[in-house]
> 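I have a structure here, written as structure tokens, and I will follow up with some questions on it.
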There are 2 protein chains.
Amino acid sequence: MRGPGQWQHRLRRQGARWTVPRRAILELLSRTSKHLSAKEVYGSLHRTNPGLGLTTVYRTLDLLVRMGLLNKLSFGSGESRYEFRSTDEETHHHHLICMQCGKIIDYTDFVDEEQELVKKIEDSLAKKHGFKINDHHIEFLGLCPECRG
Amino acid sequence: MRGPGQWQHRLRRQGARWTVPRRAILELLSRTSKHLSAKEVYGSLHRTNPGLGLTTVYRTLDLLVRMGLLNKLSFGSGESRYEFRSTDEETHHHHLICMQCGKIIDYTDFVDEEQELVKKIEDSLAKKHGFKINDHHIEFLGLCPECRG
DNA sequence: ATGATAATGAAAACCGTTATCAATAATAAT
DNA sequence: ATTATTATTGATAACGGTTTTCATTATCAT
Ligand SMILES: [Mn+2]
Ligand SMILES: [Mn+2]
Ligand SMILES: [Zn+2]
Ligand SMILES: [Zn+2]
């Protein structure tokens, strides 16, 4: 069971209602591999949902992050970006970012070796600094083929 | 040759003037290991430099980043933070961040193994996606001892 | 010292995001 | 199905960090 039915069930289980904006935003983000800002989500949905307000987009994105259905990402550009969070554990990935045009590429190279090292670092940091580590962000910054010239 | 003389030389070589605010901000950030926001820099310097304006702090931080004397960091909290960028290559580090109180810890564990893997990933990504890779950010997120309760 | 102009600071503008609040829509109870 | 309850919505205003504007000031080449 996947898609709208799954999402609806998940929201309602946590006391949230299944509404038109929530469904529209989830469908949009689940269909794209892009990392969209609130304003971009708003722009994409304005055609099919003319009444939708930007405030609702912000609130819904926030809710869906709290519900674990989306990831919220902050690259240094001012606005937050959101990506669909697959239930599949295998889709964990890191980011390759163009410093000039902002293009974002998901990559999963060397996940095995990476995960091994990440585990080691996590254990070491947890022991040395007393942290309970929950997550990590790894990103590479550079220039994409178009921006290199 | 290190410190003010070095900084002055670097700025002037790039056509910038050596001014009181620039010197004050560089001295502040070179003396702390903290990751300060513009407002925190402003607050720290207000005692010794009463005339200093927040606008100048923003402009100066931006300039010093462009000159390669500071690093600008964005954790998802709204404001940017700045750290002194040592000329020493050995000081490259990554971050351990408390998701609750925002505490930031620099760490350099496993740099050798890490650097090795980073190199491999960089080569792979450069080849596969045609990027020219310049930098990377690695951060671990969790709860510090105080915030775990 | 003098002049050219880069840098500064106060104020206003800007931009992403959040708070307010009356109207509406989703769900539960009847 | 109808009604009652209340979470959700959307317009507007407010907010916080950052940038722009512009007249004044400080740095530096001469
Ligand atoms: Mn991604
Ligand atoms: Mn640091
Ligand atoms: Zn690019
Ligand atoms: Zn903490």
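Below, chain A is the first sequence line, B the second, and so on; all start at residue 1. Since the structure is predicted, the reported quantities are computational estimates derived from the model, not experimental observations.
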> What is the nucleic acid contact for A:T55, judged by heavy atoms within less than 4.0 Å: base, sugar-phosphate only, or nothing?
base
> Is there a donor N/O on one and an acceptor N/O on the other, under 3.5 Å, for the side chain of A:R59 and the base of C:dT18?
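Answer no: no donor N or O sits under 3.5 Å from an acceptor.
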> Give B:S37 one of three labels, base, sugar-phosphate or nothing, depending on what nucleic acid heavy atoms sit under 4.0 Å from its own.
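Here B:S37 touches no strand at all.
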> Check this one for me: any side-chain N or O of B:Y58 less than 4.0 Å away from OP1 or OP2 of D:dT18?
yes
> Just call it for A:R22: base, sugar-phosphate, or nothing, with non-hydrogen atoms closer than 4.0 Å on any strand.
sugar-phosphate
> Side chains of A:M67 and A:L63: closer than 4.5 Å at any heavy-atom pair?
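A:M67 vs A:L63: side chains touch.
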> Please work out if A:T56 contacts a base, only the sugar-phosphate, or nothing of the nucleic acid, heavy-atom cut-off 4.0 Å.
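Answer is base: heavy atoms of A:T56 come under 4.0 Å of a base.
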> Measure the shortest side-chain to side-chain distance between A:D135 and B:F140 over non-hydrogen atoms and say whether it is less than 4.5 angstrom.
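In short, these two side chains do not touch, never coming nearer than 4.5 Å.
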> Does the side chain to side chain donor-acceptor pair (under 3.5 Å) test come out yes or no for A:H95 and A:H137, once each step is laid out?
CA-CA 9 Å; A:H95 293 124; A:H137 294 341; over 6 Å; no
> If you find the nucleotide of DNA chain D closest to B:R12 and the one closest to B:R81, which residue's nucleotide is nearer the 5' end?
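The residue closer to the strand's 5' end, by nearest nucleotide, is B:R81.
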> Between A:G51 and B:S77, which has a closest nucleotide on DNA chain D that is more 5'?
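Closer to the 5' end of DNA chain D: A:G51.
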> Using side-chain heavy atoms (C-beta onward) and a distance below 4.5 Å, is A:V41 in contact with A:V57?
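Yes, close enough: below the 4.5 Å cut-off.
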> Between B:K39 and D:dG17, is there a side-chain N or O to OP1/OP2 distance below 4.0 Å?
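For D:dG17, OP1/OP2 do have a side-chain N/O of B:K39 under 4.0 Å.
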